[in-house]
Amino acid sequence: MKLVVLLFSLLLSISAQAAIDAYKFDDPKKEKIYHELTDELRCLVCQNQNIAGSNAELAVDMRRKTYEMVSAGQSKQQVADYMADRYGDFVLYKPPFKASTAVLWIGPFIILAVSIWLMLRVIRNRREEHETASVSGEQLAEAARLLNKEDKS
Amino acid sequence: MNKAAIPLAIFIGLVVLFAFMLGQMNDGEYNPRDIPTEFIGKPAPSFDLPSLFDGQANVTSAAQAGKPWLLNVWGTWCAECWKEHDYLLTLHRRNIPIIGLNWRDEAAEAKKFLAQKGNPFKAVGFDPNSNAVIDWGVYGAPETFLIDANGMIRVKHKGALNEQVWQEKFASFFAG
């Protein structure tokens, strides 16, 4: 039981992020936008971290820039566009769907489809092998002979 | 074909692919840390920064318009910038206009650095809070931009400048 509780508690440890700067917002909506943005913007010098979770100086600067833009009333899209204009789609953890990012978005589904197709093929082949090659006519005759022999004795 | 050969072939294929990619990365291609700039061929963002030197007018991008110029992002904390500095002085002697963007630095340290090693810059903007730096999509130092006479960014180079890089990427813009 204890083990089950422990295992489940692992599921609850969603990204524990340090709120490093104490920015004040005059509007809870802006604060929400700020948190969404810092979650979805990639830190450029410490890759595979978002700027909310990074203490690198550039991430601190980008958070400040995000804060300034959001408190000035800019929308989430405007800030994301500003960053992407400068640092490319790479800076976005949710890149927009376009030709250069199509593989990123569609790729997993293609891999899934191919895997299912391969799996079905393997299963079908196995089944055919079982049906055709398991017992030959000769073996059946031999089995019948042995059985009959036993009956007689 | 022998069935066991298929996984082996896939494995060898992957090894070859990974070795190739790793080799390319070591050669500077496919560098995961290399973020392509979105700026080439686009108008340079404007900036208006206080000068590193007290009492001088603000350093602005507008003041440079009309002929090609370089924007060099540097800081005394950046080791590559120290290496690059001698080459910037060489460019300065060739009358290449370089505007310095002193990034996230102590003003006193930066001034001492230039006083000791020589100052290759026409003017130095002081940007301790990365305002212009983020505006220009800079993420490391040194970075050098070439802005043409029409205010378009034509080249961005990340890392130290040297003669080879200069000849490859920059020289043609100053040939005329």
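Each chain gets a letter, A, B and so on, in the order the sequences are listed, and its residues count up from 1. Being a predicted model, the structure only gives us computed values, none of them experimental.
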Item to check | Residues, nucleotides or ligands: over 12 heavy atoms within 6.0 Å of B:R94 CZ | outcome: yes
Checklist entry - Do the side chains of A:Y87 and B:I40 join up, straight or via other hydrophobic residues, at under 4.5 Å, putting them in one cluster? => result yes
Checklist entry - Hey, what do you get for OH (B:Y139) to CZ (A:F90), rounding to the nearest 0.5 Å? => result 8.5 Å
Item to check | Sidechain N-carboxylate O distance under 4.0 Å for B:K42, A:D85 | outcome: no
Checklist entry - To the nearest 0.5 Å, what is the distance between OH (A:Y82) and CD1 (B:I134)? => result 6.5 Å
Checklist entry - About how many Å separate CD of A:E57 and OG of B:S130, when rounded to the nearest 0.5 Å? => result 8.0 Å
Checklist entry - Closest heavy-atom contact between B:R104 and A:L58? => result NH2-N, 3.5 Å
Next on the checklist: Is it the case that over 12 heavy atoms from other parts of the model lie below 6.0 angstrom from the CZ atom of B:R154?
Outcome noted: no
Checklist entry - Is there side-chain contact between B:V133 and A:K65, with heavy atoms separated by less than 4.5 Å? => result no
Item to check | Hphob cluster co-occupancy, B:F18 + B:I10, side-chain heavy atoms under 4.5 angstrom | outcome: yes
Next on the checklist: Looking at every heavy atom in both B:D135 and A:R86, which two are closest together, and how far apart are they?
Outcome noted: O-NE, 2.7 Å
Checklist entry - Is the number of heavy atoms from other residues, nucleotides or ligands under 6.0 Å of A:Q78 CD greater than 12? => result yes
Checklist entry - What about B:F170 and B:L89, same hydrophobic cluster or not, with Ile/Leu/Val/Met/Phe/Trp/Tyr joined at side-chain heavy-atom distances under 4.5 Å? => result no
Item to check | Intermediate values then yes/no, side chain to side chain contact (heavy atoms under 4.5 Å, CB included), A:D61 and B:N129 | outcome: CA-CA 7 Å; A:D61 290 338; B:N129 297 320; 5.8 Å; no
